[in-house]
Amino acid sequence: MSFLKRRNVDMLNGPILKNLIIFGLPIFFGSVFQQLYNMVDSIVVGKYVSANALAAVGSTGTISMLLVGVMMGFPTGASIVAAQFLGAGQKDKIKTTISTTMIFMVILSIIMTVIGLCLSSFIMGWVNVPDEIYADTVLYFRIFIGGMLFMALYNFFASFLRALGDSTTPLIFLIISSLLNIAGDLFFVLVLRMGVAGVAIATVLAQAVSVVLCFIYVSKNIEYFKFSKSEFVFDKVLFKDILRLGLPSSLQSSITGIGMVMVQSLINSFGPVSIAAYTAANKMEALCNLPMTGISMALSLFVGQNIGANNQKRAQKGLNQSIVLSVVLSAVMSLLIFLFGKNIMTLFVNESEIEVINVGATFMRTWAPLVFAHGICSCSTAFLRGAGDSFHAMISMFFDLIVRTVFAYFFALILNMGFMGIAYALPCGWIGCSLYSMIRYYTGGWRKKSVIRR
């Protein structure tokens, strides 16, 4: 793990693929541990509480993804602004970008927390949560959304550290908080018998720890985070560029989340067995996509710095090499799903839940052969985002939403394929996203979207 000793990676010089891998590996491992937050929640309640408790946690999944998307979208867009300033050598603007983004993220998270708490019962009714799991679902969601500020601040710190070339530090703090989350899950559920409330509390506390650790580190070690009173400002002019890149990123995640909420409502109509099977299978889908997440996040910042340095050819080479790597990794993940689908399901539910295991394994094996399409989609949209073309990166993900949602209802209801129709719809969305983003890339509209004024 010698790469962990390198806190900063030079994106502007040296071998492209090697630097992308070195920078992307901590992001990948960080994404793995971030998934552990929800996966451990699901495993603990599914194994030690009940299948209905697993369904209750799973029913909040798409709503939670929508909120997480918003909290990740704005700092991700802002980090692209910082990366382009870093590549262009305009380091004085990086500190202003950081302070402006932090002020906005705190205000936004507080507003979303209040709205979420007030509308939690309405939201769970909107997604058609079954009566037998309704109370636990609302309770879990309210505790989860109570930690929105911690989620926002961790993503803020992590995004800017990565923009400055350091993807390792966020990983270290996330590993610590994930281990605390696991310990908290076991303590609150097995010792205190708090059920779904216990896993939600453990998650919020773990996120709070990661934020405290990040704050201590950056305030002592990163010059850009050391502010005098006059430096900690909200720059309205710079905020326009942050919004231009951050708003599409947040809307992209929100739109995708809304589409998944619509799909979740369809899933919930098939009953607790399908909900539990989808919850477990959906965790595996997220896990399969983690390598692509690491590659795409690294690529986005790589492109941002090189576009800032006016080196478009190097940025394009990064895209080509990233796509090849994503396709290879996708093939490996697909093979693992085919070989160990049922074994994977038993991580989430007891072996006695035969129906849930069989349904979930079949669901995963349906979309597994086309995971590579998600890799292409992730890399191409990451390139557009890094180049400053966030609007069209958002539109490409909108294609994923539309195609996935429409085909889910079409396959499940019109063609009477039932729950499995949703599995066939997933890769349709990935393909739609890939087509749009690659067309945008080859037509070259991204070339004039940089925030750097030349």
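V359 is listed as a side-chain neighbour of M420, based on a closest heavy-atom distance under 4.5 Å. Looking at S296 and T381, their side chains never come closer than 4.5 Å, going by heavy atoms from C-beta outward. L245 places none of its side-chain heavy atoms less than 4.5 Å from the side chain of R385. For the pair S326/I376, no side-chain contact is recorded, criterion being any heavy-atom separation below 4.5 Å from C-beta on.
Aromatic ring centres of F74 and F104 lie closer together than 6.0 Å. Aromatic ring centres of F150 and Y154 lie farther apart than the 6.0 Å criterion allows.
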Begin with the C-alpha distance, continue with both residues' side-chain angles, and end with the deciding distance and a verdict on side chain to side chain contact (heavy atoms under 4.5 Å, CB included) for L325 and L20. CA-CA 10 Å; L325 181 59; L20 282 172; over 6 Å; no
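Side-chain N/O atoms of S121 and R142 include a donor and acceptor closer than 3.5 Å. For S437 and S380, the side-chain atoms include at least one donor-acceptor pair closer than 3.5 Å.
Ring pair F144/Y140 is parallel by interplanar angle, where below 30° counts as parallel and above 60° as perpendicular. Using a 30° and 60° split on the angle between ring planes, W446 and Y441 fall in the parallel class, below 30°.
For the atom pair I295 CD1 and I323 CD1, the distance stands at 10.5 Å (nearest 0.5 Å).
The two residues V403 and C428 come nearest to each other via the heavy atoms CG1-O, 3.2 Å.
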